[in-house]
Amino acid sequence: MTRILPKNKLDDCIAAWQKAGYSVLAPVQRHDMSSFDEVQKASDMALDLILTERTIKDHFFPQTEPLIKYKISKHDIDSETMTPPDKKRIFFGVRPCDASGLAIDDPLFGWDYKDDYWFRRRNNSVIVTIACAEADDFCMCTSVKLSPDSTKGADVMLRPLASGNGWQIEAVSERGTALLDTVSPLLQESSDQAAPVPQVAEKFDVEKVMEWLADPANFESQFWKDISMRCIGCGSCTFLCPTCHCFDIQDEGDTYQGIRRKNWDSCSFALFTMHTSGHNPRNAQSTRWRQRIMHKFNYYQGKFGVNSCSGCGRCTRQCPVDMGITETLQAITNLPR
Amino acid sequence: MGIQEQYRSEAAALLSSGEVKLVIGFGPGSTADRRRPLFARTPEEAEKLVLDPACISNLTTYLVAGGLLSDGKKVAIFLKPDGIRSLNILVSECQVKPEQVVIFGYAIENNEIRPLSGRSIGDFAEIGSKIRTATPPPAVQKEAERLEAMSPAERFEFWKEQFSKCIKCYACRQACPMCYCRRCIVDVNQPQWVSTSSHTLGNFEWNLVRAFHLAGRCAACGACDRACPVNIPLRLINYRMGKEVKEAFDYHAGESSDQKPVLASFSQDDPETFIL
């Protein structure tokens with residue numbers, strides 16, 4: 001017997017959570033785009049989507065974030081720190097790759113300096129992960145040693161029932177246990193079986209890839225130029241990535257007042273490494289693509305002991321020229337040794 | 001011999017004779033229905049070229065990227081009519097020397113490939129002459145009419161919702177053959193003219209600046225629209241700008257490679273309705 005959340009109790013669940021002071025965010029399809037957004041009822045949710053086009057990262061590390069408001073007068077500078085709202089949030093129906101993305105980024109945001117903007121949002125959020133019932137051609141979680149039912153980054157785990165009538169529900173963290181306590185009368189004990197987890201074929205050998213990347217002789221390899229020739233240098237793959245976390249600080253305003261902001265930035269852009277002198281150490285797209293791969297599968301691993309990729313496949317799925325991490329890592333796997 | 005095989009062997013011959021340094025075409029993509037840009041530098045690589053009705057992207061963007069043509073050598077490229085139209089605009093704006101480009105022209109009609117005869121831009125005058133009377137795809141026309149029927153407030157609301165999705169990844173710019181500026185206005189930071197922040201105002205600034213820069217220059221290939229990862233219907237903006245230019249100047253971008261760029265030239269017949 002396991003605990004289940006019947007589908008027809010989801011509206012009551014949402015109401016109970018809202019009453020307990022939570023906003024509920026779930027996959028939605030709005031204005032021709034799928035993303036996580038606030039919902040009021042179960043029918044607002046698009047839980048059948050394999051994956052939303054945008055990631056939940058947006059709600060922890062938004063594309064633009066005000067940090068400080070400042071005002072410069074004749075004798076003083078007034079500044080006011082702007083902090084994100086402290087509202088409690090539930091992310092319902094997060095795919096395991098997106099939830100893992102948050103867990104992968106935690107050490108980065110807490111390493112030498114604890115990023116209050118990230119952790120405030122992390123601490124006020126409960127992640128309800130939903131195991132995948134379906135995968136598409138671009139899914140590659142198994143290639144990065146995750147799975148369509150991974151609990152990494154989750155507080156509560158849902159597994160769809162084979163009958164389609166609801167989900168097996170299990171708390172996998174203290175925060176998750178506390179959340180389920182708020183709706184325990186709505187949950188039922190049942191022997192209903194969970195639907196089978198989809199098979200996601202391994203597309204590359206990540207160990208082999210990491211070994212090749214770690215060899216300094218390969219840094220200047222012609223491979224990088226050949227594999228990235230068609231890259232047009234947009235930031236679509238980085239901005240849709242659940243783990244990419246680079247940002248830029250910008251002051252917006254005039255001489256006397258303004259707002260300092262933290263804006264997403266992308267290693268795909270030439271401007272990302274452009275020096276004031278005009279010199280650019282990454283002066284070709286191939287060097288930028290190499291950076292992206294090295295950062296994810298070498299540098300990040302060296303610093304935090306984990307690869308900065310959760311296998312969602314968005315980089316390839318939405319690439320205007322059909323590139324992405326999968327192809328590059330497949331090619332590295334197949335290079336003659 | 002099918003067109004694909006014919007173009008493959010011609011491409012291989014051009015490469016082996018050294019007449020072109022590169023052939024830009026299509027290869028198989030990561031799924032059965034996808035094609036991706038393929039760069040053939042050897043006759044063997046040319047054997048991998050694919051040409052079928054899934055080859056829809058406009059490859060001209062690569063002609064103006066990374067100084068490809070700066071060595072004066074020739075390249076060959078697979079182009080359908082909107083690509084030829086783009087090339088006309090690039091030539092008219094002095095960005096590409098026509099003698100450097102060998103064209104493998106094709107059209108997709110009723111889900112079939114038809115070859116277009118000719119190999120240099122001057123051979124495709126007929127394509128340009130058809131632009132004047134061409135109608136936009138029914139879906140674009142229908143959506144454009146829906147927007148035009150809206151009140152300004154409703155239309156503003158529509159674009160506000162659409163632009164609020166923008167993440168400033170600049171995929172639209174990078175996919176567009178007309179966005180060849182060595183340093184885009186949004187990348188200029190000394191001083192910074194356009195906000196880099198991706199809030200609604202910043203997104204409006206970016207998308208409107210791009211729309212204005214494309215007025216009278218857009219080949220309506222839809223590359224920006226297809227590239228947009230958050231599905232903003234960018235081609236509707238460009239369609240509208242094209243219509244404004246057509247009505248004001250009777251000008252159709254990309255009709256020929258020797259037309260004068262409309263916003264960079266002066267005619268005594270130009271309307272002066274803006275002078276009060």
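Proteins come first, then strands; the chains are lettered A, B, ... in the order of their sequence lines, and each starts at number 1.
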Taking atom types as modelled and ignoring hydrogens, do the side chains of A/Asp137 and B/Thr31 form a donor-acceptor contact shorter than 3.5 angstrom? no
Modelled atom types, side-chain donor and acceptor of B/His199 and A/Glu65, under 3.5 Å: no
Among [options], which residue has the highest count of heavy-atom pairs closer than 4.5 Å to chain A?
options                               : answer
B/Ala65, B/Ala171, B/Gly66, B/Ser198  : B/Ser198
B/Ser164, B/Ala227, B/Pro229          : B/Pro229
B/Glu161, B/Lys168, B/Arg34           : B/Arg34
B/Thr61, B/Ile232, B/Val230, B/Asn189 : B/Val230

B/Leu38 and A/Arg230: side chain to side chain contact (heavy atoms under 4.5 Å, CB included), yes or no, with the steps? CA-CA 8 Å; B/Leu38 186 137; A/Arg230 68 180 186 280; over 6 Å; no
Stepwise side chain to side chain donor-acceptor pair (under 3.5 Å) test for B/Ser197 and A/Gln250: CA-CA 8 Å; B/Ser197 300; A/Gln250 288 275 336; over 6 Å; no
Would a 4.5 Å heavy-atom cut-off, applied to side chains only, mark B/Thr196 and A/Asp265 as touching? no
With the side chain counted from C-beta on, respond yes when B/Arg183 and A/Leu271 share a heavy-atom pair under 4.5 Å apart, and no when they do not. yes
Of all residues at least two apart in sequence or in a different chain, which pass the side-chain hydrogen bond (donor to acceptor under 3.5 Å, both in side chains) check with A/His59? none
Tell me the residues of residues 48-55 of chain A whose non-hydrogen atoms fall below 4.5 Å from those of chain B, in number order. A/Glu53, A/Arg54
Residues 323-331 of chain A vs chain B, non-hydrogen distance cutoff under 4.5 Å, contacting residues -> A/Glu327
Looking at [X], I'd like to know if its [atom1] atom is crowded, meaning that more than 12 non-hydrogen atoms belonging to other residues, nucleotides or ligands lie closer than 6.0 Å.
X        : atom1 : value
A/Gln222 : CD    : yes
A/Lys208 : NZ    : yes
A/Arg260 : CZ    : no

Name the region of [X], side chain, backbone, both or neither, that has any atom closer than 4.5 Å to a heavy atom of chain B.
X        : value
A/Ser266 : neither
A/Asp322 : both
A/Ser34  : neither

Kindly give the heavy-atom pair with the smallest separation between A/Met229 and B/Tyr62, and that separation in Å. O-CE2, 4.1 Å
Heavy-atom closest pair, residues B/Ile167 and A/Leu240: CD1-CD2, 4.1 Å
Picking from A/Arg261, A/Arg30, A/Gln318, which has the most non-hydrogen pairs under 4.5 angstrom with chain B? A/Arg261
Could you go through the side chain to side chain contact (heavy atoms under 4.5 Å, CB included) check for B/Asn203 and A/Gln63 one step at a time? CA-CA 11 Å; B/Asn203 292 345; A/Gln63 60 205 48; 4.3 Å; yes
Who in residues 20-29 of chain B is close to chain A, using a strict under-4.5 Å heavy-atom cut-off? B/Leu22, B/Gly29
Exam field: side chain B/Asn231 to backbone A/Asp32, donor-acceptor pair closer than 3.5 Å: yes
Is the backbone N or O of A/His31 less than 3.5 Å from a side-chain atom of B/Lys165, with the two atoms forming a donor-acceptor pair by type? yes
So which part of B/Cys166 gets closer than 4.5 Å to some heavy atom of chain A, the side chain, the backbone, both or neither? backbone
